[in-house]
Amino acid sequence: MNSASPSGIRHAVVLAHPDPKSFNAAIATAYCEAVSQAGQEAVLRDLYRMRFDPVLKNEERPDRKGYRMSPDVGAERELLDGAQVFTLIFPIWFGMPPAMMTGYVDRVLGASVTARQIQEGSDTGLLGKGHLCTITTSGASEDWLDAQGQTQALRELSGTYLFRGFAMRSSETLHIGDVVEGATAAFIEANLDRVRRRARNICARVAQEIFGTPLPPETSDGS
(Lines give C-alpha, C1' and ligand atoms only; values in the text may rest on other atoms or scores of the structure.)
Protein backbone atom coordinates (compact mmCIF):
# COMPACT_ATOMS: atom_id res chain seq x y z
CA MET A 1 0.00 0.00 0.00
CA ASN A 2 1.38 3.34 -1.05
CA SER A 3 -1.05 6.24 -0.72
CA ALA A 4 0.42 9.60 -1.68
CA SER A 5 -0.74 12.54 0.40
CA PRO A 6 -0.72 16.31 -0.02
CA SER A 7 0.71 16.75 3.50
CA GLY A 8 4.05 15.24 2.53
CA ILE A 9 4.16 13.26 5.80
CA ARG A 10 5.29 9.70 5.11
CA HIS A 11 5.09 6.55 7.23
CA ALA A 12 7.35 3.62 6.35
CA VAL A 13 5.43 0.56 7.57
CA VAL A 14 7.61 -2.57 7.70
CA LEU A 15 5.80 -5.89 8.14
CA ALA A 16 7.58 -9.18 8.91
CA HIS A 17 5.24 -12.18 8.92
CA PRO A 18 5.16 -15.09 6.45
CA ASP A 19 1.37 -15.46 6.39
CA PRO A 20 -0.39 -12.84 4.22
CA LYS A 21 -3.61 -13.53 6.16
CA SER A 22 -2.02 -13.21 9.59
CA PHE A 23 -3.16 -10.90 12.36
CA ASN A 24 0.10 -9.00 11.85
CA ALA A 25 -0.89 -8.39 8.22
CA ALA A 26 -4.29 -7.13 9.41
CA ILE A 27 -2.47 -4.78 11.81
CA ALA A 28 -0.40 -3.39 8.93
CA THR A 29 -3.54 -2.84 6.83
CA ALA A 30 -5.37 -1.12 9.70
CA TYR A 31 -2.40 1.13 10.41
CA CYS A 32 -1.97 2.12 6.76
CA GLU A 33 -5.68 2.82 6.31
CA ALA A 34 -5.74 5.05 9.39
CA VAL A 35 -2.70 6.97 8.10
CA SER A 36 -4.35 7.45 4.71
CA GLN A 37 -7.58 8.64 6.35
CA ALA A 38 -5.52 11.21 8.26
CA GLY A 39 -4.30 12.63 4.95
CA GLN A 40 -0.78 11.21 5.24
CA GLU A 41 1.14 8.64 3.17
CA ALA A 42 1.76 5.02 4.14
CA VAL A 43 4.49 3.07 2.36
CA LEU A 44 4.04 -0.62 3.20
CA ARG A 45 7.03 -2.94 2.92
CA ASP A 46 5.86 -6.55 3.34
CA LEU A 47 9.22 -8.28 3.71
CA TYR A 48 8.11 -11.87 3.07
CA ARG A 49 5.96 -10.90 0.11
CA MET A 50 8.90 -8.89 -1.29
CA ARG A 51 11.18 -11.92 -0.80
CA PHE A 52 13.58 -9.58 0.96
CA ASP A 53 17.04 -11.04 1.53
CA PRO A 54 17.87 -10.49 5.23
CA VAL A 55 21.45 -11.78 5.04
CA LEU A 56 24.02 -9.03 5.59
CA LYS A 57 26.92 -9.32 3.16
CA ASN A 58 30.50 -8.73 4.32
CA GLU A 59 30.95 -5.89 1.82
CA GLU A 60 27.86 -4.18 3.27
CA ARG A 61 29.56 -3.60 6.62
CA PRO A 62 30.35 0.13 6.58
CA ASP A 63 33.36 -0.08 8.89
CA ARG A 64 35.23 -2.38 6.48
CA LYS A 65 37.38 -1.56 3.46
CA GLY A 66 35.61 -2.13 0.19
CA TYR A 67 32.21 -1.19 1.64
CA ARG A 68 29.46 -0.88 -0.91
CA MET A 69 25.71 -0.67 -0.68
CA SER A 70 23.99 -3.48 -2.57
CA PRO A 71 21.58 -2.41 -5.36
CA ASP A 72 18.53 -3.89 -3.60
CA VAL A 73 19.35 -1.94 -0.44
CA GLY A 74 19.87 1.29 -2.37
CA ALA A 75 16.53 0.86 -4.14
CA GLU A 76 14.76 0.16 -0.84
CA ARG A 77 16.24 3.23 0.81
CA GLU A 78 15.09 5.39 -2.10
CA LEU A 79 11.53 4.19 -1.49
CA LEU A 80 11.79 5.17 2.18
CA ASP A 81 13.53 8.50 1.61
CA GLY A 82 11.77 11.35 3.37
CA ALA A 83 9.79 9.15 5.78
CA GLN A 84 9.15 10.85 9.11
CA VAL A 85 7.67 7.78 10.83
CA PHE A 86 9.01 4.22 10.86
CA THR A 87 6.55 1.59 12.06
CA LEU A 88 7.81 -1.96 12.56
CA ILE A 89 5.21 -4.74 12.83
CA PHE A 90 6.22 -8.28 13.75
CA PRO A 91 5.48 -11.29 15.99
CA ILE A 92 7.70 -12.35 18.88
CA TRP A 93 9.23 -15.75 18.16
CA PHE A 94 11.39 -17.41 20.83
CA GLY A 95 11.71 -14.06 22.56
CA MET A 96 13.02 -12.26 19.46
CA PRO A 97 11.88 -10.51 16.28
CA PRO A 98 11.86 -12.66 13.12
CA ALA A 99 15.23 -12.89 11.34
CA MET A 100 13.59 -11.12 8.40
CA MET A 101 13.06 -7.99 10.52
CA THR A 102 16.51 -7.97 12.12
CA GLY A 103 18.01 -8.42 8.67
CA TYR A 104 16.05 -5.42 7.42
CA VAL A 105 17.45 -3.32 10.25
CA ASP A 106 20.97 -4.59 9.52
CA ARG A 107 20.88 -4.13 5.76
CA VAL A 108 18.47 -1.24 5.13
CA LEU A 109 17.73 0.93 8.16
CA GLY A 110 21.30 0.74 9.44
CA ALA A 111 23.02 0.85 6.04
CA SER A 112 26.21 2.97 5.90
CA VAL A 113 26.07 3.81 9.63
CA THR A 114 29.01 2.64 11.77
CA ALA A 115 29.13 1.94 15.49
CA ARG A 116 31.37 4.98 15.94
CA GLN A 117 28.88 7.25 14.17
CA ILE A 118 26.09 5.97 16.40
CA GLN A 119 28.13 6.62 19.55
CA GLU A 120 29.13 10.09 18.38
CA GLY A 121 25.71 10.95 16.94
CA SER A 122 27.52 12.28 13.87
CA ASP A 123 25.48 10.53 11.16
CA THR A 124 22.32 8.67 11.98
CA GLY A 125 21.30 7.77 8.44
CA LEU A 126 17.75 7.01 7.33
CA LEU A 127 16.23 6.90 10.83
CA GLY A 128 17.79 10.10 12.15
CA LYS A 129 15.23 12.60 13.49
CA GLY A 130 12.36 10.26 12.65
CA HIS A 131 9.64 8.81 14.88
CA LEU A 132 9.61 5.08 15.72
CA CYS A 133 6.61 2.89 16.48
CA THR A 134 7.03 -0.81 17.18
CA ILE A 135 3.90 -3.01 17.13
CA THR A 136 4.43 -6.59 18.26
CA THR A 137 2.29 -9.66 18.89
CA SER A 138 2.71 -12.89 20.82
CA GLY A 139 0.80 -16.06 21.57
CA ALA A 140 1.76 -15.64 25.22
CA SER A 141 -0.15 -13.21 27.40
CA GLU A 142 1.24 -9.79 28.21
CA ASP A 143 1.20 -10.69 31.93
CA TRP A 144 3.36 -13.76 31.30
CA LEU A 145 5.83 -11.78 29.18
CA ASP A 146 6.04 -9.13 31.89
CA ALA A 147 6.76 -11.80 34.52
CA GLN A 148 9.63 -13.14 32.39
CA GLY A 149 11.03 -9.64 31.86
CA GLN A 150 10.46 -10.14 28.15
CA THR A 151 8.38 -7.04 27.53
CA GLN A 152 11.07 -4.69 28.82
CA ALA A 153 13.75 -6.63 26.94
CA LEU A 154 11.84 -6.24 23.70
CA ARG A 155 11.41 -2.54 24.25
CA GLU A 156 15.13 -2.20 24.81
CA LEU A 157 16.05 -4.32 21.80
CA SER A 158 13.64 -3.12 19.15
CA GLY A 159 12.74 0.32 20.39
CA THR A 160 15.04 2.02 22.85
CA TYR A 161 18.30 1.12 21.11
CA LEU A 162 17.13 2.30 17.68
CA PHE A 163 15.61 5.42 19.23
CA ARG A 164 18.76 6.40 21.10
CA GLY A 165 21.36 5.03 18.70
CA PHE A 166 19.91 6.75 15.65
CA ALA A 167 18.93 9.96 17.46
CA MET A 168 15.23 9.58 16.66
CA ARG A 169 12.67 12.08 17.91
CA SER A 170 10.39 9.61 19.68
CA SER A 171 9.82 5.90 20.25
CA GLU A 172 6.73 4.03 21.34
CA THR A 173 5.59 0.43 21.51
CA LEU A 174 2.28 -1.41 21.33
CA HIS A 175 2.21 -5.09 22.23
CA ILE A 176 -0.77 -7.39 21.73
CA GLY A 177 -0.65 -10.71 23.56
CA ASP A 178 -2.84 -13.82 23.47
CA VAL A 179 -2.82 -13.87 19.66
CA VAL A 180 -3.71 -17.51 18.98
CA GLU A 181 -5.69 -19.57 16.49
CA GLY A 182 -9.37 -19.23 17.21
CA ALA A 183 -9.20 -15.72 18.65
CA THR A 184 -12.66 -14.20 18.64
CA ALA A 185 -13.77 -11.57 16.15
CA ALA A 186 -14.37 -9.21 19.08
CA PHE A 187 -10.77 -9.66 20.30
CA ILE A 188 -9.39 -9.04 16.82
CA GLU A 189 -11.48 -5.96 16.16
CA ALA A 190 -10.82 -4.46 19.59
CA ASN A 191 -7.08 -4.72 19.08
CA LEU A 192 -7.17 -3.49 15.49
CA ASP A 193 -9.02 -0.46 16.85
CA ARG A 194 -6.12 0.09 19.29
CA VAL A 195 -3.81 0.08 16.26
CA ARG A 196 -6.00 2.58 14.39
CA ARG A 197 -6.08 4.92 17.37
CA ARG A 198 -2.32 4.65 17.79
CA ALA A 199 -1.83 5.48 14.09
CA ARG A 200 -4.17 8.49 14.30
CA ASN A 201 -2.39 9.79 17.38
CA ILE A 202 1.02 9.50 15.70
CA CYS A 203 -0.33 11.28 12.62
CA ALA A 204 -1.69 14.09 14.79
CA ARG A 205 1.55 14.53 16.73
CA VAL A 206 3.72 14.62 13.60
CA ALA A 207 1.34 17.07 11.92
CA GLN A 208 1.53 19.30 14.98
CA GLU A 209 5.33 19.11 14.96
CA ILE A 210 5.65 19.98 11.27
CA PHE A 211 2.68 22.27 10.61
CA GLY A 212 1.54 23.35 14.08
CA THR A 213 -1.78 21.58 13.58
CA PRO A 214 -3.71 21.52 16.91
CA LEU A 215 -3.96 18.09 18.51
CA PRO A 216 -7.45 16.50 18.54
CA PRO A 217 -9.09 15.62 21.89
CA GLU A 218 -8.29 11.91 21.41
CA THR A 219 -4.78 11.30 22.67
CA SER A 220 -4.95 7.76 24.05
CA ASP A 221 -5.15 4.43 22.24
CA GLY A 222 -6.52 2.68 25.29
CA SER A 223 -3.40 0.59 25.89
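- Counting all heavy atoms, side chain and backbone alike, Phe90 lies closest to Pro97 at CE1-CB, 3.6 Å.
- Side-chain contact between Leu132 and Leu127: absent, with no pair of heavy atoms (C-beta onward) separated by less than 4.5 Å.
- Ile27 places a side-chain heavy atom less than 4.5 Å from the side chain of Leu192.
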Checking side-chain contact (heavy atoms from CB on, under 4.5 Å) for the pair Gln37/Cys203: CA distance, chi angles, key distance, verdict?
CA-CA 10 Å; Gln37 290 166 5; Cys203 288; over 6 Å; no
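- Between the CG atom of Leu80 and the CG atom of Leu109 there is a distance of 7.0 Å, given to the nearest 0.5 Å.
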For Phe86 and Leu126, what are the C-alpha separation, side-chain angles and deciding distance, and is it a side-chain contact (heavy atoms from CB on, under 4.5 Å)?
CA-CA 10 Å; Phe86 294 85; Leu126 192 66; 4.0 Å; yes
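- Residue Ile135 is grouped with residue Phe187 when hydrophobic side chains (ILVMFWY) are merged at heavy-atom distances under 4.5 angstrom, including chains of intermediate members.
- When all heavy atoms are compared, the tightest approach of Asp53 to Arg107 is O-NH1, 2.6 Å.
- Phe52 and Val55 fall into different hydrophobic clusters, where Ile, Leu, Val, Met, Phe, Trp and Tyr residues are linked whenever their side-chain heavy atoms come under 4.5 Å apart, directly or through other members.
- Within the 4.5 Å cutoff, no side-chain heavy atoms of Thr136 are placed close to those of Thr173.
- Under 3.5 Å, the side chains of Asn201 and Arg198 contain no donor-acceptor pair of N or O atoms.
- Considering all non-hydrogen atoms of both residues, Phe166 and Gly110 come closest at CZ-CA, 4.1 Å.
- Closest of all the heavy-atom pairs between Leu15 and Ala25 is CD2-CA, 3.9 Å.
- Among Ile176, Val179, Asp178, the single residue meeting the side chain to side chain contact (heavy atoms under 4.5 Å, CB included) criterion with Asn191 is Ile176.
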Could you walk me through whether Glu172 and Arg205 pass side-chain contact (heavy atoms from CB on, under 4.5 Å), step by step?
CA-CA 13 Å; Glu172 56 190 274; Arg205 292 200 305 273; 2.2 Å; yes
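- Scanning both residues, Gln117 and Ser112, for their nearest heavy atoms gives OE1-O, 3.3 Å.
- Counting heavy atoms from C-beta outward, Trp144 and Ser138 have side chains that stay 4.5 Å or more apart.
- In this structure, CG in Asp46 is found 10.5 Å from NE2 in His17, a value given to the nearest 0.5 Å.
- Separation of atoms CD (Gln84) and CD1 (Ile9) is listed at 6.0 Å; rounding is to 0.5 Å.
- Considering every non-hydrogen atom in both Ala111 and Tyr67, the closest pair reads C-OH, 4.2 Å.
- Cluster membership for Phe94 and Val180, using ILVMFWY side-chain heavy atoms within less than 4.5 angstrom, is not shared.
- In summary, the side chains of Thr137 and Asn24 do present a donor paired with an acceptor at a separation below 3.5 Å, with no hydrogens or angles considered.
- The CD atom of Glu59 sits 5.0 Å away from atom CZ of Arg68, with the distance rounded to the nearest 0.5 Å.
- A distance of 4.5 Å separates CZ in Arg196 from CD in Glu189, rounded to the nearest 0.5 Å.
- Formation of a donor-acceptor pair under 3.5 Å by the Ser70 side chain with backbone atoms of Val73 is not found in this model.
- A continuous path of hydrophobic side-chain contacts links Met168 to Ile118 [ILVMFWY only; heavy atoms under 4.5 Å].
- Put simply, the side chain of Arg64 never gets that close to the backbone of Asn58: no donor and acceptor are under 3.5 Å apart.
- Electrostatic pairing of Asp81 and Arg77 does not count as a salt bridge here, judged by no charged N lying under 4.0 Å from a carboxylate O.
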Run the side-chain contact (heavy atoms from CB on, under 4.5 Å) test on Arg45 and Val108 for me, step by step, so that the C-alpha distance in whole Å, both residues' side-chain angles and the decisive distance to 0.1 Å come before the verdict.
CA-CA 12 Å; Arg45 310 307 293 153; Val108 177; over 6 Å; no
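- Remark: Leu88 CG to Tyr104 OH distance equals 9.0 Å, nearest 0.5 Å.
- With contacts defined as side-chain heavy-atom distances shorter than 4.5 Å, the pair His11/Val206 does not qualify.
- Under the 4.5 Å side-chain heavy-atom criterion for ILVMFWY residues, no single connected hydrophobic cluster contains both Leu56 and Met101.
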